[in-house]
Participant: 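First the structure, which I've put down as structure tokens, then a few questions once you've had a look.
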Amino acid sequence: MEGTAGVRGHREIDLSLLDDATALERNDPGGMLRATASAGAQVRESAALAAETDLSALADEGRPRAVVVAGVGTAARTGDILETVAGPRCPVPVLAHRSAGIPGWVGAADVVIAVSASGRSPEALAAAEAAGRRGARLVAIGAPDTQLHALADRFRAPFIPVPRRAPARASLWGLAVPVLLAGRQLGLVKVNEADFAETAARLDADADRCRMTLESFVNPGKSLALDLARSVPIVWGSSPLANVAARRFGDTLAANARYPAVAGALGEAGRGRVGLLDGVYGGLAEAGRDIFADPSDEDESVTRLRLVLLRDGGLAADEEEADGEPSAVEEKRADAVQQLAERRGVRVSLITAEGGSALERLASLVAVPDFASIYLGLAHGFDPMAVPAVSEMKELVSP
């Protein structure tokens with residue numbers, strides 16, 4: 001399909017394209033694969049830029065009553081990362097605020113972190129303006145020399161520049177690191193330079209494993225894209241950390257691959273959404289399938305569920321001290337839903353967290369799905385960098 005809105009692509013998936021590096025590069029003119037592969041470099045660059053920003057004023061007034069991370073899309077997702085990495089023992093509430101302005105209760109006792117990759121998001125600008133008016137401590141994060149930068153200067157608030165080289169969804173780590181460093185200055189998280197270095201190394205390693213020149217059978221990003229082809233993905237995370245990664249995967253599947261996905265926490269799924277496994281795309285669609293048949297002989301007109309299970313056993317020492325749900329309960333729930341899916345013939349893709357810190361473990365759950373969403377979109381003929389519906393939406397709602 002190629003319409004007046006600039007939409008291009010094809011409903012049938014071209015799986016052979018995934019092993020043609022030349023075709024992949026040609027179909028990715030904006031360089032989304034390259035931008036996503038820069039995640040490790042983003043961690044290093046943002047950590048360096050944040051270190052050059054004087055954040056000492058943040059801590060001068062002591063511990064805040066609450067921290068609000070204001071933005072939309074990927075910018076708001078950084079608030080979820082701060083809350084999750086801080087963990088259940090965080091001394092103050094952390095709220096990812098996704099609407100214009102800030103909650104009515106925010107005042108001088110609170111901190112507002114306004115995040116916008118472009119530096120001109122209406123939601124982030126309204127939040128910064130409201131925070132400055134109410135006397136709340138403000139930190140602004142985004143592209144330099146923009147409206148957000150000007151607002152920070154106006155209210156004499158620290159501004160952490162994040163050079164914009166790609167869409168926000170490909171800049172998650174560049175935006176998240178300054179948010180985490182602001183949280184560290186406030187005493188909310190204990191991330192250190194070693195954590196950032198290990199996270200960057202993990203992202204570099206996964207980018208290398210998912211590079212376009214590697215064939216599908218050794219490339220985890222391409223393999224996951226193949227798993228998801230012609231399916232309705234259900235992405236569930238077994239822990240709060242994995243839940244953030246699951247929702248992130250839902251975001252990138254929608255934008256990069258234009259696939260609808262159900263994404264969220266496994267704990268919530270067990271209260272009702274697990275019923276999807278019995279539905280018309282789940283057990284009913286699989287009932288007539290011969291489990292011994294060659295997958296290439298399957299009826300491609302039948303849409304099936306594909307369960308993507310993100311598992312994170314957590315860090316044993318932290319879990320023993322934390323007040324949250326024990327990791328043993330989370331693991332038992334993950335085992336149960338995997339068993340339920342397999343009983344119904346619903347196929348499961350499993351991604352398990354690795355790493356020594358919460359931040360590195362999150363990176364290990366995010367990196368491969370990021371690449372999978374791009375490869376899936378490319379196999380349908382989409383340019384993952386250009387999302388016409390997003391551009392049209394902005395035009396329709398702009399003043």
Participant: Let me confirm one number: the CG-CG distance from Leu378 to Asp383, rounded to the nearest 0.5 Å.
Facilitator: 8.0 Å
Participant: Quick one: do Leu58 and Leu138 end up in the same hydrophobic cluster if we chain Ile, Leu, Val, Met, Phe, Trp and Tyr together by side-chain heavy atoms under 4.5 Å apart?
Facilitator: no
Participant: Check this for me: Arg65, atom CZ, are more than 12 non-hydrogen atoms of other residues, nucleotides or ligands nearer than 6.0 Å?
Facilitator: yes
Participant: Would you call Arg26 and Asp20 a salt bridge, using N to O less than 4.0 angstrom?
Facilitator: no
Participant: Run the salt bridge (Lys or Arg N to Asp or Glu O under 4.0 Å) test on Arg304 and Glu286 for me, step by step, so that the C-alpha distance in whole Å, both residues' side-chain angles and the decisive distance to 0.1 Å come before the verdict.
Facilitator: CA-CA 8 Å; Arg304 295 178 166 90; Glu286 302 291 354; 3.2 Å; yes
Participant: Does Leu24 share a hydrophobic cluster with Met385, counting links as ILVMFWY side-chain heavy atoms below 4.5 Å and allowing steps through other members?
Facilitator: yes
Participant: Shared ILVMFWY cluster between Ile160 and Val179, side chains joined below 4.5 angstrom?
Facilitator: yes
Participant: Is the closest side-chain heavy-atom distance between Val162 and Leu49 below 4.5 Å?
Facilitator: no
Participant: Can any side-chain N or O of His380 pair as donor or acceptor with the backbone N or O of Phe382 at less than 3.5 Å?
Facilitator: no
Participant: Ignoring hydrogens and angles, state whether a donor on the side chain of Asn256 or Arg169 is under 3.5 Å from an acceptor on the partner side chain.
Facilitator: yes
Participant: Just checking, any donor-acceptor pair under 3.5 angstrom between side chains of Asp19 and Ser216?
Facilitator: yes
Participant: Check Ala143 against Ser118 and note the closest heavy-atom contact, atom names and distance.
Facilitator: CB-O, 3.7 Å
Participant: Where the side chain of Arg77 meets the backbone of Gly73, is there a donor-acceptor pair that is under 3.5 Å apart?
Facilitator: no
Participant: Starting at CZ of Arg184, measure out to CG of Leu186 and round the result to the nearest 0.5 Å.
Facilitator: 11.5 Å
Participant: Donor-acceptor pair, distance only, cut-off 3.5 Å: does the side chain of Lys190 make one with the backbone of Ala86?
Facilitator: no
Participant: Specify the closest pair of heavy atoms between Ala70 and Ala124, including all atoms of both residues, with the distance to one decimal.
Facilitator: O-CB, 4.4 Å
Participant: Under 3.5 Å, is there a donor-acceptor pair between the side chain of Ser171 and the main chain of Gly174?
Facilitator: no
Participant: In terms of hydrophobic clusters joined by side-chain contacts under 4.5 Å, are Val191 and Leu172 together?
Facilitator: yes
Participant: Before you tell me yes or no, could you show the steps for Arg258 and Val387 under side chain to side chain contact (heavy atoms under 4.5 Å, CB included), namely the whole-Å CA-CA distance, both residues' side-chain angles and the distance that decides it to 0.1 Å?
Facilitator: CA-CA 9 Å; Arg258 283 64 152 176; Val387 188; 4.1 Å; yes
Participant: Please determine whether side chain to side chain contact (heavy atoms under 4.5 Å, CB included) holds for the pair Leu362 and Thr84, giving the CA-CA distance in whole Å, both sets of side-chain angles, and the decisive distance to 0.1 Å.
Facilitator: CA-CA 10 Å; Leu362 177 64; Thr84 306; over 6 Å; no
Participant: Please give me the minimum heavy-atom distance between Trp173 and Ser46, naming the atom from each residue.
Facilitator: O-OG, 4.4 Å
Participant: Under 3.5 Å, side chain of Arg361 to main-chain N/O of Asp312, donor-acceptor pair present?
Facilitator: no
Participant: Check Glu354 with Arg202, please: is the shortest side-chain N to carboxylate O separation under 4.0 Å?
Facilitator: yes
Participant: Looking at Asp195, Val43, Leu359, Thr78, which one forms a side chain to side chain contact (heavy atoms under 4.5 Å, CB included) with Leu180?
Facilitator: Leu359
Participant: Please round to the nearest 0.5 Å and tell me the distance separating atom CD1 of Ile374 and atom OG1 of Thr252.
Facilitator: 8.0 Å
Participant: State, with a plain yes or no, whether a side-chain heavy atom of Trp236 is found less than 4.5 Å away from one of Val337.
Facilitator: yes
Participant: Dump the intermediate steps for side chain to side chain contact (heavy atoms under 4.5 Å, CB included) on Thr74 and Arg248, then the final yes or no.
Facilitator: CA-CA 8 Å; Thr74 301; Arg248 160 70 177 180; 3.9 Å; yes
Participant: Has Arg273 got more than 12 heavy atoms of other residues, nucleotides or ligands less than 6.0 Å from its CZ?
Facilitator: no
Participant: Decide whether Val280 and Leu307 are clustered together by the hydrophobic rule: side chain heavy atoms of Ile, Leu, Val, Met, Phe, Trp, Tyr closer than 4.5 Å, transitively.
Facilitator: yes
Participant: How about Leu253 and Leu376: do any of their side-chain heavy atoms sit closer than 4.5 Å?
Facilitator: yes
Participant: Can you tell me how far OG1 of Thr22 sits from CG of Leu17, rounded to the nearest 0.5 angstrom?
Facilitator: 10.5 Å
Participant: Any side-chain heavy atom of Ser99 within less than 4.5 Å of one from Glu123?
Facilitator: no
Participant: Mind checking the CG-CG spacing from Asp14 to Asn27? Nearest 0.5 Å is all I need.
Facilitator: 9.0 Å
Participant: Backbone N or O of Met212 within a donor-acceptor pair of the Tyr375 side chain at under 3.5 Å?
Facilitator: yes
Participant: Val69 and side chain to side chain contact (heavy atoms under 4.5 Å, CB included): which single residue from Val112, Val139, Val115 fits?
Facilitator: Val115
Participant: Can you tell me how far apart OG (Ser238) and CG (Leu310) are? Round to the nearest 0.5 Å.
Facilitator: 8.0 Å
Participant: Taking atom CZ of Phe155 as the centre, report whether more than 12 heavy atoms of other residues, nucleotides or ligands fall under 6.0 Å from it.
Facilitator: yes
Participant: How about Glu61 and Arg137: do any of their side-chain heavy atoms sit closer than 4.5 Å?
Facilitator: yes
Participant: Would you say Ser349 and Arg306 are linked by a side-chain donor-acceptor pair, where the criterion is simply a distance under 3.5 Å?
Facilitator: yes
Participant: Apply side chain to side chain contact (heavy atoms under 4.5 Å, CB included) to Glu45 and Arg165, showing your working.
Facilitator: CA-CA 12 Å; Glu45 180 183 42; Arg165 301 186 178 95; 2.8 Å; yes
Participant: Do Val111 and Val68 make a side-chain contact, defined as non-hydrogen atoms from C-beta onward lying under 4.5 Å apart?
Facilitator: no
Participant: Under a 3.5 Å threshold, yes or no: a donor from one side chain and an acceptor from the other, between Ser38 and Gln42?
Facilitator: yes
Participant: Determine, stepwise, if the pair Arg311 / Glu330 fulfils salt bridge (Lys or Arg N to Asp or Glu O under 4.0 Å).
Facilitator: CA-CA 9 Å; Arg311 300 190 63 159; Glu330 294 170 349; over 6 Å; no
Participant: For the backbone of Arg230 and the side chain of Tyr259, can you confirm whether one donor and one acceptor N or O come within less than 3.5 Å of each other?
Facilitator: yes
Participant: For Thr199 versus Glu360, what's the shortest heavy-atom pair and its separation?
Facilitator: OG1-N, 3.3 Å
Participant: Hey, does the side chain of Asp28 reach the backbone of Glu25 with a donor-acceptor pair shorter than 3.5 angstrom?
Facilitator: no
Participant: Ignoring hydrogens, what is the shortest heavy-atom contact between Asp370 and Ser373? Give both atom names and the distance.
Facilitator: O-OG, 2.7 Å
Participant: Would you check if Leu224 and Phe371 make a side-chain contact, meaning some heavy-atom pair closer than 4.5 Å?
Facilitator: no
Participant: Begin from the C-alpha positions of Lys222 and Glu215 and carry the test salt bridge (Lys or Arg N to Asp or Glu O under 4.0 Å) through to its verdict.
Facilitator: CA-CA 8 Å; Lys222 292 181 180 180; Glu215 295 182 332; over 6 Å; no
Participant: Take a 6.0 Å sphere around CZ of Arg34 and say whether it holds more than 12 heavy atoms from other residues, nucleotides or ligands.
Facilitator: no
Participant: Considering the options Arg209, Arg44, Arg211, which one meets the salt bridge (Lys or Arg N to Asp or Glu O under 4.0 Å) requirement together with Asp204?
Facilitator: Arg44
Participant: Minimum heavy-atom separation for Ile113 and Leu82, please, with both atom names.
Facilitator: CD1-CD2, 4.5 Å
Participant: When you compare the side chain of Arg247 with that of Asn243, does any pair of heavy atoms fall below 4.5 Å?
Facilitator: yes
